[in-house]
Amino acid sequence: MGYFRRYESSESAQRSAWVSRWHRRPVRKEDVGNHRRYAFVIQKSRTVDQIRTTEQVDAAKSACCDLNLDGLIIIGGVTSNSDAAQLAEFFAEHDCKTKVIGVPVTLSGDLRNQFVEATVGFDTVCKVNSQLISNVCLDAISAGKYYYFVRLMGGKASHVALECALQSHPNMVILGEEVAFSKLTLKEITNKICDGVEARADQGKYHGVLVIPEGLIESIPEMYALIQEINNLHSSNVTEADIPSQLSPWAAALFKFLPSFIRRELILHQESDNSAQLSQIDTEQLLAHLVEAEMNKRTKGSAREENSAPCATSSVLRPEDRCHPTSTATMLMSLAISVCR
């Protein structure tokens, strides 16, 4: 017997009644066969429900008892497996026969310990992305005049970006943890990239590939503070349209400095865990925009100025095709700019 849960709205009122939305249906051979070559997320249950309060834990126990479940499998990352551990202990203490099993499945690779050698999905993500980054590197060499800014998925951790960099050898990689440790500002990161571009230009190389993690923007001190302030306003039920006017003076000044497309993305509604939608923030385009402006300043009046006008192109490769190695789309976004030629 297979048990599925409907994907519902994340409104708090509906979260409290999540137990009433359980339903079940048998899993037939043809059902599994139809999805055998597709991403497993099509077949498994998915929900925005969270297990935080005593009432929610009791509701989970009641649902498992009502359905007479022998086992409950929870698939996911750190949060999901924490919920699995909490439920397993609670069920054991209250003589519930349902056995809870947590399966570590997360592409970010941040659930590794003495019990988990690697999470399901991390190896595939890194190999597929590394192959595509290598193709981008060849593209950059062939064109000879583009810098590609590649943003990799992986949440707040930089494990995917680091592993892909070790496999594909881009010219530059920026790790969120290093930025947070060194407390590098947005201006300092921009200058470091421009310094690298100029150093390569001195060697007659006017192309390159830069890899950044998805969570880089939250590792930059001033951006992290801005995002936290926006999240607090969201938690206070301030509408997206009113958020800019409710920011503190320093946050409003930083918000105004950012390009319009980044401003729109920063005020998007939060994820179900009350965090910013990192996957929707085009950090690579922000860096490309700032690097372009800085390089125009540095090359103004120099011998390179005539051929330094940036030529930007972008392509979006979608995350839902990460389980299809033959697909042209994966969890990768790139922006190419021509500088210093």
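Reckoned from all heavy atoms, side chains included, excluding hydrogens, waters and symmetry mates.
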Q: Look at the side chain of Asn81 and the backbone N and O of Gly77, then say whether any donor-acceptor pair between them is shorter than 3.5 Å.
A: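 Pair found, side chain donor or acceptor close to backbone of Gly77.
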
Q: Using modelled atom types and a 3.5 Å cut-off, is there a donor and acceptor pairing between side-chain atoms of His289 and backbone atoms of Gln285?
A: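 No; judged by distance alone, with no hydrogens or angles, the pair does not exist.
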
Q: Indicate if Ile220 and Trp250 have the same hydrophobic cluster label, given that clusters are the connected sets of ILVMFWY residues with side-chain heavy-atom separations under 4.5 angstrom.
A: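 Shared cluster, yes.
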
Q: For the residue pair Thr239 / Asp242, report whether a side-chain donor-acceptor contact shorter than 3.5 Å exists.
A: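 The answer is yes; a qualifying pair exists.
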
Q: Of all residues at least two apart in sequence or in a different chain, which pass the side-chain hydrogen bond (donor to acceptor under 3.5 Å, both in side chains) check with Asn237?
A: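 Asn237: no side-chain hydrogen bond (donor to acceptor under 3.5 Å, both in side chains) contacts found.
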
Q: Taking only residues two or more places apart in sequence, or in another chain, which ones meet Asp70 in a salt bridge (Lys or Arg N to Asp or Glu O under 4.0 Å)?
A: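 For Asp70 the salt bridge (Lys or Arg N to Asp or Glu O under 4.0 Å) partners, ignoring immediate neighbours, are Lys97.
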
Q: Can a donor-acceptor pair be found, under 3.5 Å and without considering hydrogens, that links the side chain of Arg200 to the backbone of Gly208?
A: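 Such a contact is absent between Arg200 side chain and Gly208 backbone.
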
Q: Nearest 0.5 Å, please: how far is CD in Glu198 from CD1 in Ile193?
A: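 Reported value, rounded in 0.5 Å steps: 13.0 Å.
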
Q: Cluster question for you: counting only ILVMFWY and a side-chain heavy-atom cut-off of under 4.5 Å, with indirect links fine, are Val209 and Ile141 together?
A: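 No; Ile141 is not reachable from Val209 via cluster members.
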
Q: So, Ser158 versus Glu177: side-chain donor-acceptor pair below 3.5 Å or not?
A: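 There is such a pair (donor and acceptor under 3.5 Å, judged by atom type) between the side chains of Ser158 and Glu177.
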
Q: So does Gly76 get a backbone contact from the side chain of Thr106, meaning a donor-acceptor N/O pair under 3.5 Å?
A: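 No, the answer is negative, given that no donor and acceptor are paired below the 3.5 Å cut-off.
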
Q: Please check: side-chain N/O of Glu117 versus main-chain N/O of Arg112, any donor-acceptor pairing under 3.5 Å?
A: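 Checked: no pair found.
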
Q: Quick one: pull up CE in Met223 and CG in Leu254 and give me the separation to the nearest 0.5 Å.
A: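 It comes to 5.5 Å.
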
Q: For Ile212, is there any backbone N or O sitting under 3.5 Å from a side-chain donor or acceptor partner on Glu284?
A: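 Such a contact is absent between Glu284 side chain and Ile212 backbone.
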
Q: Do side-chain atoms of Arg151 reach the backbone of Val211 as a donor and acceptor pair under 3.5 angstrom?
A: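 Judged by distance alone, no pair lies under 3.5 Å.
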
Q: Counting distance only, does the side-chain N/O of Glu222 pair as donor-acceptor with the main-chain N or O of Thr185 below 3.5 Å?
A: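 No, the answer is negative, given that no donor and acceptor are paired below the 3.5 Å cut-off.
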
Q: Are Leu286 and Leu268 joined in one hydrophobic group, where the rule is that I, L, V, M, F, W and Y side chains link up if heavy atoms are under 4.5 Å apart?
A: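 Each belongs to a different hydrophobic cluster.
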
Q: Are Val120 and Leu111 connected in a single hydrophobic cluster, I mean Ile/Leu/Val/Met/Phe/Trp/Tyr linked by side-chain heavy atoms less than 4.5 Å apart?
A: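 No, no single cluster joins them.
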
Q: With the threshold set at 4.0 Å, does a side-chain nitrogen-carboxylate oxygen contact exist between Arg298 and Glu294?
A: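 Answer for the salt bridge query: yes.
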
Q: For residues Ile133 and Leu138: do they belong to one hydrophobic cluster (side chain heavy atoms under 4.5 Å, members Ile, Leu, Val, Met, Phe, Trp, Tyr)?
A: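 No: no chain of side-chain contacts under 4.5 Å links Ile133 to Leu138.
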
Q: Any side-chain donor paired with an acceptor under 3.5 Å for Glu214 and Thr283?
A: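 The criterion, which ignores hydrogens and geometry beyond distance, is not satisfied for Thr283 and Glu214.
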
Q: With a 3.5 Å distance limit and no angle check, can you tell me whether Asp110 reaches the backbone of Ala157 through a side-chain donor-acceptor pair?
A: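 Checked: no pair found.
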
Q: Rounded to the nearest 0.5 Å, what separation is found between the CD1 atom of Ile230 and the CG atom of Leu247?
A: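 That separation rounds to 6.0 Å.
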
Q: Identify the residue among His169, Gln167, Glu163 that makes a side chain to side chain donor-acceptor pair (under 3.5 Å) with Ser130.
A: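 So the option named by the test is Gln167.
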
Q: Roughly how far, to the nearest 0.5 Å, is the NZ atom of Lys61 from the CG atom of Asp66?
A: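 Rounded to the nearest 0.5 Å, the CG-NZ separation comes out at 9.5 Å.
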
Q: List the residues meeting salt bridge (Lys or Arg N to Asp or Glu O under 4.0 Å) with Asp58, not counting sequence neighbours, and say none if there are none.
A: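 Scan of Asp58 (salt bridge (Lys or Arg N to Asp or Glu O under 4.0 Å), adjacent residues dropped) gives none.
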
Q: Between atom CD of Glu218 and atom OH of Tyr224, what is the distance when rounded to the nearest 0.5 Å?
A: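 Between Glu218 CD and Tyr224 OH, I get 7.0 Å after rounding to 0.5 Å.
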
Q: Measuring from atom CG of Leu258 to atom CG of Leu226, what distance do you get when rounded to the nearest 0.5 angstrom?
A: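 The CG atom of Leu226 is 6.5 Å from CG of Leu258, to the nearest 0.5 Å.
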
Q: Can you check whether Glu229's main-chain N or O pairs, donor with acceptor, with His234's side chain at less than 3.5 Å?
A: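 A pair under 3.5 Å: no.
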
Q: Report, as yes or no, whether the 6.0 Å neighbourhood of atom CG on Leu166 holds more than 12 heavy atoms from other residues, nucleotides or ligands.
A: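 Enclosed.
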
